[in-house]
Protein chains: 2
Amino acid sequence: MKLSTRGRYGTKVLLDLALYQGVGPVLLKDISRRQRIPLHYLEHLIAPLIAGGIIRSSRGAKGGIWLVKSPAEIRLSKVILLLEGSIAPAECVTNPKLCESADACVTRDVWLEMENAMNEVLESITLQHLAERHKSKEQLKEKMYYI
Amino acid sequence: MKLSTRGRYGTKVLLDLALYQGVGPVLLKDISRRQRIPLHYLEHLIAPLIAGGIIRSSRGAKGGIWLVKSPAEIRLSKVILLLEGSIAPAECVTNPKLCESADACVTRDVWLEMENAMNEVLESITLQHLAERHKSKEQLKEKMYYI
DNA sequence: TATAAAGTTGATGATTTTAGTCAGGAATAG
DNA sequence: CTATTCCTGACTAAAATCATCAACTTTATA
């Protein structure tokens with residue numbers, strides 16, 4: 001039940017964009033360095049985010065990537081869906097036809113409940129929430145230097 | 001974010017045992033047939049369940065496996081933990097030392113929230129619940145033949 | 001318009017995990 | 001003693017994961 005690096009890296013990328021929002025295109029190179037994601041791997045990670053319409057990109061000098069919508073409009077449920085596909089703990093949840101007895105299967109019901117519980121969490125958190133949480137943690141850290 | 005067959009098969013095995021509880025040792029061969037799990041694979045699946053103390057086994061003629069506790073006392077959280085290990089969506093949740101900035105990381109907080117949400121679901125469901133749900137679905141199915 | 005910068009795409013590869021299979025062994029009932 | 005049944009370790013094929021690389025396209029700007 002682990003997310004792949006796609007989901008984890010991708011979420012970090014978008015948090016990074018949310019934190020650097022409004023300053024124009026953000027370089028992949030910079031995101032790579034700040035978030036410790038291999039640049040060449042990062043290049044592949046952004047494809048589904050562009051296809052999903054939550055970031056845009058520009059090539060060439062002064063190029064980079066940026067959020068298309070405001071961070072408050074981007075929910076993690078969407079992000080994870082784009083990067084990982086369905087979050088359901090078993091294929092049969094999303095695609096009942098894979099198993100003849102799907103509708104009679106009580107274990108499938110459990111996996112469905114788990115998916116719903118996860119989706120509630122992801123649905124309730126936006127990039128703005130993440131950015132705010134991050135800033136408030138940073139502030140806390142700075143204050144601690146003066147104690 | 002998929003469970004492996006270990007978690008899915010294993011849960012079915014235990015549901016099967018809960019349904020056939022009280023009739024003495026249940027043959028792996030029968031579980032294999034009813035739950036459509038390869039026998040040789042099943043033999044490996046039961047090891048962590050025995051080690052975890054929720055089933056016991058006896059070899060030889062009239063052998064088989066059975067639940068050690070009552071189905072009402074066995075929560076799915078325990079089952080999945082034995083079969084899959086931690087259900088956390090990322091290693092850093094269980095083992096913060098893997099990442100220097102774990103305590104400052106807001107994405108890690110999200111993965112932790114997801115884990116908690118899943119655990120609440122799994123904590124709230126016992127094998128008895130599963131068995132009851134199963135029987136009531138079966139009954140519904142029988143009734144439908146007479147409509 | 002030449003050039004450097006930066007994202008895009010497709011091919012490839014190393015490593016790990018998954019999902020088994022198989023052979024032989026050990027315990028148990030009768 | 002013997003048939004039955006679970007146990008264990010070794011092994012394997014296939015898939016997924018996590019990249020890396022090279023060639024290419026687009027863009028800003030000197």
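Chain A is the first sequence line, chain B the second, and so forth, proteins listed ahead of strands; every chain is numbered from 1. On a predicted model such as this, the values are computed, not experimentally measured, just so you know.
Distance CZ (Arg6(A)) to P (dA19(D)): 12 Å, rounded to an integer number of Å. Between Glu84(B) atom CD and dT17(C) atom P there is a gap of 13 Å when expressed in whole angstrom units. Distance OH (Tyr41(B)) to C1' (dT17(C)): 10 Å, rounded to an integer number of Å. The interatomic distance linking Leu49(A) (CG) with dT9(C) (P) rounds to 13 Å, in whole Å. Atom pair Leu3(B):CG and dT17(C):P shows a separation of 17 Å (rounding to whole Å applied). In this structure, the CD atom of Gln35(B) is 15 Å from the P atom of dG20(C), given to the nearest Å. Counting to the nearest Å, the C1' atom of dT18(C) and the CG atom of Leu45(B) are 12 Å from each other. The interatomic distance linking Lys2(B) (NZ) with dA15(D) (P) rounds to 17 Å, in whole Å.
Between Tyr9(A) and dC18(D), a side-chain N or O to OP1/OP2 separation shorter than 4.0 Å is absent. Proximity of Ser4(B) to the phosphate of dT18(C): no side-chain N or O atom is located under 4.0 Å from OP1 or OP2.
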*What does nucleotides 4-10 of chain D look like as a protein-contact string, B for base, S for sugar-phosphate only, - for none, at under 4.0 angstrom between heavy atoms?*
BBBBBBB
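Partners of Arg59(A) according to the salt bridge (Lys or Arg N to Asp or Glu O under 4.0 Å) rule, which considers only residues two or more places apart in sequence or in another chain, do not exist here. Residues passing the salt bridge (Lys or Arg N to Asp or Glu O under 4.0 Å) test with Arg33(A) are Asp30(A), sequence neighbours excluded. Partners of Glu84(B) according to the salt bridge (Lys or Arg N to Asp or Glu O under 4.0 Å) rule, which considers only residues two or more places apart in sequence or in another chain, do not exist here. By the salt bridge (Lys or Arg N to Asp or Glu O under 4.0 Å) test, Asp103(B) pairs with no residue at all, sequence neighbours left out.
In this structure, the separation between CD1 on Ile80(A) and CE on Met118(A) is 10.5 Å, given to the nearest 0.5 Å.
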Which pairs would a plain distance check flag for residues 119-127 of chain A, meaning a side-chain donor or acceptor within less than 3.5 Å of a matching protein atom at least two apart in sequence or in another chain?
from: Glu123(A); atom 1: OE1; to: Ser77(A); atom 2: OG; distance (Å): 2.8
from: Ser124(A); atom 1: OG; to: Val121(A); atom 2: O; distance (Å): 2.8
from: Thr126(A); atom 1: OG1; to: Gln128(A); atom 2: N; distance (Å): 3.3
from: Thr126(A); atom 1: OG1; to: His129(A); atom 2: N; distance (Å): 3.2
from: Thr126(A); atom 1: OG1; to: His129(A); atom 2: ND1; distance (Å): 3.3

